[in-house]
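Each remark here refers to the structure printed beneath this line.
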Amino acid sequence: MHQPLRGFPGWLILLGGLTAVGPLSIDMYLPSFPTIVTALHTDAGAVQRTLSMFFIGLAFGQIVYGPLSDRFGRKPPLYFGLALYTAASLFCAFAANVYVLQWGRLLQALGGCAGMVIARAVIRDRCDAIGSAKAMSLIMLVMGLAPILAPQLGVAALHWFSWRAIFGILVIFGLVSLIAVYFRMEETVDRAAAPRLYFSLILKNYCELLQDRHFLTFSLCGGLVSAGMFAYIASSPFVLMELYGVPMQIYGWIFGANAFGLIAASQINGRLLAYFSPQRVLGYAVCIPAIFGGLLLLLKLFGIAGLPILLPALFFSVGSIGFIAPNSTALALQHQGARAGAASALMGTLQISLATVSSMAMSLWHAQDELPLATLIAVCGGAALIMYRLALRTQFK
């Protein structure tokens with residue numbers, strides 16, 4: 001039953017916390033990359049691959065949780081996922097070498113992605129397209145605090161304890177989330193009316209979704225822009241701290257400022273939806289990363305570089321996601337109804353797969369400047385704009 005969205009309900013704060021599992025698990029340990037390299041006697045590429053392993057877990061885990069949540073309800077898969085996330089965070093805290101840390105990050109993602117996929121499905125259960133876009137904008141206010149607070153929290157943990165304490169904090173976060181889901185989250189699926197779970201039915205649903213051009217183009221539009229952001233996440237410690245010599249504390253503030261831009265954009269988006277459709281807002285917003293990414297790459301190719309150019313381009317490219325993510329998500333899930341969990345899972349898998357490729361490209365492209373970052377942001381922004389135009393053609397056929 002779709003309900004009008006009024007104010008900032010408690011269930012939305014909880015969903016925001018569950019969605020923040022991913023950003024919190026990524027952003028908190030970014031400032032510790034150089035420390036982990038030294039402590040585990042490894043190289044920067046191996047530590048960057050701990051991030052790629054996390055993305056792989058996020059991508060493939062969602063495929064499983066979506067159909068399970070459609071059949072057994074939204075809460076039972078969350079219990080399992082959050083328990084796995086908590087145990088894997090503890091495993092990472094005691095990792096003896098970088099290879100153990102990589103596998104721990106994979107398990108951590110396989111658990112944590114439950115909150116991400118199920119949160120989107122619950123919003124679809126409760127809201128229509130405009131309400132979903134507004135709800136996603138509000139969720140980004142909650143989850144957007146993670147990129148602001150997480151690097152600072154990580155820096156504090158490094159200063160007072162060690163990089164292992166960062167994963168100890170994530171253990172506590174997992175436990176608190178598990179308790180909150182048990183006591184505060186309401187079930188939104190009628191298990192008695194849900195269809196039985198067959199592999200053939202799961203496969204049929206996913207095949208139909210992949211053939212649904214409306215769903216696919218809007219999902220890829222949001223996913224490509226997010227892939228550009230993850231290129232920034234994966235390479236920003238090297239580009240800012242090592243290439244430009246930005247101190248660790250200042251890096252945390254720069255990262256937080258970009259996250260603040262994303263939050264501000266998401267709240268402006270929520271207000272714009274009172275006057276404009278999600279599709280119209282998305283149409284303007286998706287031009288931003290294409291323009292700024294292209295400009296950054298062009299200036300770099302002409303030998304014009306530096307923080308005064310890089311930082312504004314990153315700010316506007318990352319900030320635009322506050323407009324793009326809520327609207328592309330709402331439009332992609334608009335007509336999915338009873339298979340909202342499967343649709344949310346496939347959308348998340350497609351988007352995180354793009355992020356995985358993007359972060360892997362950053363770890364393998366060993367240029368000693370910001371050219372890989374500029375290239376990925378420009379390519380992803382341009383491709384997202386193309387996906388939006390294809391979505392419009394599909395809609396009006």
Side-chain angles (χ1 to χ4, degrees), residues 23-40 42-52 144-163 165-166 169 228-264 289 292-293 295-297 299-321 355 358-359 361-378 380:
L24 193 67
S25 303
I26 293 167
D27 302 335
M28 191 182 298
Y29 93 129
L30 287 180
S32 70
F33 273 22
T35 304
I36 295 175
V37 169
T38 302
L40 297 183
T42 185
D43 57 73
V47 175
Q48 282 187 327
R49 282 189 285 277
T50 65
L51 185 60
S52 300
L145 291 174
I148 293 177
L149 299 178
Q152 301 300 331
L153 193 57
V155 168
L158 284 171
H159 178 73
W160 292 105
F161 303 102
S162 74
W163 65 270
I166 294 172
I169 295 171
M229 182 184 70
F230 280 107
Y232 150 72
I233 290 173
S235 63
S236 61
F238 165 74
V239 171
L240 294 177
M241 288 195 287
E242 295 189 28
L243 180 62
Y244 284 106
V246 173
M248 185 169 57
Q249 292 81 359
I250 302 300
Y251 167 79
W253 286 110
I254 292 173
F255 202 90
N258 291 332
F260 177 78
L262 189 154
I263 293 174
F292 280 93
L295 182 62
L296 179 62
L297 177 59
L299 292 175
K300 176 59 186 174
L301 291 175
F302 278 96
I304 304 172
L307 287 178
I309 294 171
L310 178 64
L311 293 183
L314 292 177
F315 178 82
F316 285 105
S317 296
V318 173
S320 68
I321 299 172
S358 176
S359 65
M362 290 296 98
S363 67
L364 296 175
W365 189 352
H366 297 297
Q368 297 302 310
D369 57 19
E370 66 268 39
L371 180 61
L373 175 59
T375 302
L376 263 291
I377 292 177
C380 291

Under the side chain to side chain donor-acceptor pair (under 3.5 Å) test, residues paired with Ser358 that sit two or more places apart: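 Residues passing side chain to side chain donor-acceptor pair (under 3.5 Å) with Ser358: none at all.
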
Starting from the C-alpha separation in whole Å, work towards a yes-or-no answer on side chain to side chain contact (heavy atoms under 4.5 Å, CB included) for Asn258 and Leu311. CA-CA 9 Å; Asn258 291 332; Leu311 293 183; 5.8 Å; no

For the [atom1] atom of [X] and the [atom2] atom of [Y], what is their distance to the nearest 0.5 Å?
X: Leu376; Y: Tyr232; atom1: CG; atom2: OH; result: 14.5 Å
X: Leu262; Y: Phe315; atom1: CG; atom2: CZ; result: 9.5 Å
X: Ile321; Y: Ile263; atom1: CD1; atom2: CD1; result: 12.5 Å

Taking side chain to side chain contact (heavy atoms under 4.5 Å, CB included) as the test, write out the residues that go with Tyr244, two or more places apart.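 Listed in chain order: Val239, Val246, Ala305, Leu307, Leu310, Glu370.
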
What pairs with Ser32 under side chain to side chain contact (heavy atoms under 4.5 Å, CB included), at least two apart in sequence or on another chain?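 By the side chain to side chain contact (heavy atoms under 4.5 Å, CB included) rule, Ser32 matches Tyr29, Ile36, Leu158, Trp163, Ile166.
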
Restricting to non-hydrogen atoms, name the atom on Pro289 and the atom on Ser317 that form the minimum distance, rounded to 0.1 Å.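 For Pro289 versus Ser317, the nearest heavy atoms are CA-OG, 4.2 Å.
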
Please examine the side chains of Ile377 and Leu314, heavy atoms only from C-beta on, and report whether any two atoms are closer than 4.5 Å.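 Sidechains of Ile377 and Leu314: in contact.
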
Compare all side-chain heavy atoms of Ile309 with those of Leu295 and state whether any distance is below 4.5 angstrom.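 In short, these two side chains do not touch, never coming nearer than 4.5 Å.
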
